[in-house]
Asker: 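Shown below is the structure under consideration.
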Amino acid sequence: MIPIHEDIVSNRTAVDVFAPAGVTVSTDCHVGGQPAGFSFHAGARSGGTLNWMFSLGGARSTVNANGAALSEGAVLPIAPTTTNRLEGQFIWAEAKFVVTFTLHFLDLGGRCELTGTAEVGAL
């Protein structure tokens, strides 16, 4: 299990690479005035499927479950839209690896946190 912990100030990006699997996760904290969140990046010579189930928290929390195929070099941003937090599980599957992410993202205005774990398994 690989721990994930990014605590960055606004207008910054932090990158976590999960090798040898072809997926990268970036934490984006209001870079260029964009919403805060995190993104999954399919690496060069890699493509796969990302499935997720996450909650945005709050009194009327709903669970979002979906998935997407990401071709080589594709980016999928994930951002909280109705609260300042998002937590859930994201599963990346490609030809030779599966990576299970359990993530908690928090937008604190002037800084952003991404914490959790990644578990890499070979097929």
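Quick caveat, the model's predicted, so the values are computed rather than measured. When a residue number appears, it is its place in the shown sequence, counting from 1. Keep in mind that the numbers below use all heavy atoms, side chains included, and drop hydrogens, waters and symmetry copies.
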Asker: Between H41 and V75, what is the shortest heavy-atom contact and its length?
Answerer: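 Heavy atoms of H41 and V75 come nearest at ND1-CG2, 3.3 Å.
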Asker: Let me know which of I8, I4, L106 forms a side-chain contact (heavy atoms from CB on, under 4.5 Å) with L114.
Answerer: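 Exactly one option meets the side-chain contact (heavy atoms from CB on, under 4.5 Å) with L114, and it is I4.
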Asker: Within the structure provided, determine whether V98 and I91 are in side-chain contact (heavy-atom separation under 4.5 Å).
Answerer: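 The answer is yes, as the side chains (C-beta and beyond) meet within the 4.5 Å cut-off.
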Asker: Which heavy-atom pair separates V99 from A118 by the least distance, and what is that distance?
Answerer: CG1-CB, 4.1 Å
Asker: Sorted by first residue and then second, give each salt bridge (charged side-chain N to carboxylate O under 4.0 Å, His left out) pair with at least one member in residues 112-123; sequence neighbours left out.
Answerer: R111-E113
Asker: Run the side-chain contact (heavy atoms from CB on, under 4.5 Å) test on I78 and L86 for me, step by step, so that the C-alpha distance in whole Å, both residues' side-chain angles and the decisive distance to 0.1 Å come before the verdict.
Answerer: CA-CA 9 Å; I78 307 286; L86 186 150; 3.6 Å; yes
Asker: Less than 4.5 Å apart, side chain to side chain, heavy atoms only: is that true for P80 and R85?
Answerer: no
Asker: What pair of heavy atoms forms the shortest contact from A36 to A79, and how long is it?
Answerer: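 What the structure gives for the nearest pair is O-CB, 3.4 Å.
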Asker: About how many Å separate CE of M1 and OG1 of T100, when rounded to the nearest 0.5 Å?
Answerer: 9.0 Å
Asker: As a quick check of understanding, evaluate side-chain contact (heavy atoms from CB on, under 4.5 Å) for V63 and M53, giving each step before the final call.
Answerer: CA-CA 7 Å; V63 173; M53 181 175 63; 3.4 Å; yes
Asker: Any idea which heavy atoms bring G109 and D107 closest together, and the distance?
Answerer: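 Looking at all heavy atoms of both residues, the shortest contact is N-OD1, 2.9 Å.
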Asker: Stepwise, does the side-chain contact (heavy atoms from CB on, under 4.5 Å) test hold for C112 with F105?
Answerer: CA-CA 7 Å; C112 299; F105 177 80; 4.0 Å; yes
Asker: First locate atom SG of C29, then atom CG of L108, and finally report the distance between them rounded to the nearest 0.5 Å.
Answerer: 8.0 Å
Asker: So how far is it from Q89 CD to T102 OG1, rounded to the nearest 0.5 Å?
Answerer: 4.5 Å
Asker: Classify the angle between the aromatic ring planes of W52 and F90 as parallel (below 30°), tilted (30 to 60°) or perpendicular (above 60°).
Answerer: tilted
Asker: If we ignore angles and hydrogens, is there a donor and acceptor under 3.5 Å between the side chains of T24 and D16?
Answerer: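 Result is no, nothing qualifies.
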Asker: Which of parallel (below 30°), tilted (30 to 60°) and perpendicular (above 60°) describes F101 and F18?
Answerer: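 Geometry flag for F18 against F101: perpendicular rings.
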Asker: Do N51 and T49 have side chains that approach each other closer than 4.5 Å (heavy atoms only, starting at C-beta)?
Answerer: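 In short, these two side chains touch, coming nearer than 4.5 Å.
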Asker: As a quick check of understanding, evaluate side-chain contact (heavy atoms from CB on, under 4.5 Å) for T13 and T27, giving each step before the final call.
Answerer: CA-CA 5 Å; T13 296; T27 307; over 6 Å; no
Asker: Please round to the nearest 0.5 Å and tell me the distance separating atom CD1 of I2 and atom OG1 of T117.
Answerer: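 Rounded to the nearest 0.5 Å, the CD1-OG1 separation comes to 9.0 Å.
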Asker: Could you state the interatomic distance from OG (S55) to CD (E87), rounded to the nearest 0.5 Å?
Answerer: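 The OG atom of S55 sits 6.0 Å away from the CD atom of E87.
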Asker: Find the distance between CG (L103) and CZ (F38) and round it off to the nearest 0.5 Å.
Answerer: 5.0 Å
